[in-house]
There are 2 protein chains.
Amino acid sequence: MSPRTHPGAAALAALAGLLADETRAGFLLALLDGRAWTAGELARHAGVAASTTSEHLGKLVAGGLLAEERQGRHRYVRLADARAAQLVEDLAAQAPPTAAPRPRTLGEAGAGSAMARGRTCYDHLAGRLGIAVTDALTGLGLLRQDTGFALTDDGLRWFGGLGVPLVRTGRRPLARACLDWTERRPHLAGVAGAALCRHALEAGWCVRIGSERALKVTDRGGRALSELLGIPEGTLR
Amino acid sequence: MSPRTHPGAAALAALAGLLADETRAGFLLALLDGRAWTAGELARHAGVAASTTSEHLGKLVAGGLLAEERQGRHRYVRLADARAAQLVEDLAAQAPPTAAPRPRTLGEAGAGSAMARGRTCYDHLAGRLGIAVTDALTGLGLLRQDTGFALTDDGLRWFGGLGVPLVRTGRRPLARACLDWTERRPHLAGVAGAALCRHALEAGWCVRIGSERALKVTDRGGRALSELLGIPEGTLR
DNA sequence: CCCAAGGTTCGGCGCACACCGAAACGTCCG
DNA sequence: CGGACGTTTCGGTGTGCGCCGAACCTTGGG
């Protein structure tokens, strides 16, 4: 008679429940750098006991958000796939009316501003760097944002010329918009975003700073971005 | 010294916490029909006391997911905006490894299959109907899915010819992919998806069934979809 | 072989919160 | 004005779960 509740409600609540704990949310945000962390690293990062971490990781793995890999006495975890990463990104972008009130120390201030300049979002570029690249691609007619979010045929050729052929694997879209939580604007994600980020790291266009997600554009990277995309050198220092 | 936790973690957890309760999740899924429900309707729908419902609605409104409108002794609530709707859609699409085990009664089975045939997703078409329209648009070169998800110039003109000019308002994209939870495939959302759904209802192409999200294609709708998009009549009965 | 270190399991503690019923508060209508 | 109805507020109850420390297991190294 009474439909009681919607069938999917329990599943939705269970999934959301995985993200509804501050410690687990902190894990997922840390893992947005796309790399694998050990359980101990995450425990120290979050400031909770190892036993607590172990239980949290168990839930996240069981829920399909994390993939784990055991190596000797280490338990490495990373985001399960691009879908899981997208979920965390989307939720994080929606959540904070811009979070951090003010950085405490100068060191943290430096780290924060480095993160704003450039960072990775799971497997693609974000921050001002990500926005600059996305805008440049759009300005050159390689990416179309006015009617949605898709590469143009010229854009496909551009990636080919870069030596990074794009192939669709599974259901992951070639191009997808990811909302930036510092710039509040969309930047390039999806297969193309991942390929570009990987190329940028392999070709030495940028290097990681510290142990987290921050990126720094190298001199060589500045020249490459200037030549290939017309981004003025020095914009991203 | 120890970074304790990521700044956005608390905000993320708080937002996810709103969706992490089965009753609240049921409310949000019901509200995905895009219309306004009264508190009492939601209470009966979920099978909880009115007082409980009142508290839940207070949290959802405070969290920015719902907008409320008071009329006399009624409290109407609806999804706050397209962003909130997208969040629920995304999460719901990710959550269930296909939910409903098997429908209980024939009546429920009928309702379930009606939902699979056609329904609304907040403000756009979903179910087999949504997929069929999206596929037809893609096949005619009006929508591009191979390199992302965007209307083509022909697609823009097609909407104009339909008498539904598309204008970008705010940050909402003209076209966006929304993952269908019955078909497990993307369908058209965003400004264009909303405009098309509104036009379909106003022009009598389809009508709502019952009090929820299910849609039925009319004879006139079948003819229109056949003429305009080449969808064979009878496909969606 | 034994010891150090990373990880897990187990009890137990305490808080947060979903739920209800009863009572109070409006609003609408006869 | 009084009664019906939708909604809210308020105690009170129960439970789920995040947390810890201690004990235990496994791996790797001296």
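Quick note on labels: first sequence line is chain A, next is B, and so on, each numbered from 1. Computed over heavy atoms, backbone and side chain alike; hydrogens, waters and symmetry mates excluded.
When rounded to the nearest whole Å, the span between CG of Leu42(B) and P of dT8(D) equals 11 Å. As a whole-Å value, the separation of Glu22(B) CD from dC19(C) P is 9 Å. If you take CZ of Phe27(B) and C1' of dC19(C), they are 12 Å apart, rounded to a whole angstrom. Summarising the geometry, the separation between NE2 on His56(B) and P on dT8(D) is reported as 13 Å, rounded to the nearest angstrom.
Considering only residues two or more places apart in sequence or on other chains, His56(A) meets the ring-ring contact (aromatic ring centres under 6.0 Å, His included) condition with none of them. Qualifying side chain to side chain contact (heavy atoms under 4.5 Å, CB included) partners for Ala14(A), counting only residues two or more places apart in sequence or in other chains: none. Under the side chain to side chain contact (heavy atoms under 4.5 Å, CB included) criterion, Ala43(A) pairs with Thr53(A), sequence neighbours left out. Residues passing the side chain to side chain contact (heavy atoms under 4.5 Å, CB included) test with Gln86(A), sequence neighbours excluded: Asp90(A), Arg176(A). In terms of the side-chain hydrogen bond (donor to acceptor under 3.5 Å, both in side chains) criterion, residue partners of Arg172(A) (sequence neighbours excluded) are, by chain and number, Asp123(A).
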Taking only distance into account, with no hydrogens and no angle test, what donor-acceptor pairs under 3.5 Å do side-chain atoms of residues 192-204 of chain A form with protein atoms, sequence neighbours excluded?
none

Side-chain atoms of residues 71-85 of chain A: list all donor-acceptor pairs with protein atoms under 3.5 Å, sequence neighbours left out, distances to 0.1 Å.
unit_1: Arg75(A); atom_1: NE; unit_2: Glu68(A); atom_2: OE1; d: 2.7
unit_1: Arg75(A); atom_1: NH2; unit_2: Glu68(A); atom_2: OE1; d: 2.9
unit_1: Asp81(A); atom_1: OD1; unit_2: Arg83(A); atom_2: N; d: 3.2
unit_1: Asp81(A); atom_1: OD1; unit_2: Ala84(A); atom_2: N; d: 2.9

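Regarding contacts with the backbone of dG18(D), a side-chain N or O of Lys59(A) is found under 4.0 angstrom from either OP1 or OP2. The shortest distance between the side-chain N/O atoms of Thr23(A) and the OP1/OP2 oxygens of dC19(D) is below 4.0 Å.
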Pair Leu60(B), Leu18(B) - check side-chain contact (heavy atoms from CB on, under 4.5 Å), show working. CA-CA 7 Å; Leu60(B) 291 170; Leu18(B) 290 177; 4.2 Å; yes
For nucleotides 12-14 of chain D, which of its nitrogen or oxygen atoms have a protein nitrogen or oxygen under 3.5 Å away, and what is each distance?
none

Protein heavy-atom contacts under 4.0 Å, written 5' to 3' over nucleotides 6-15 of chain C as B (base), S (sugar-phosphate only) or - (none), form the string SSBBB-----
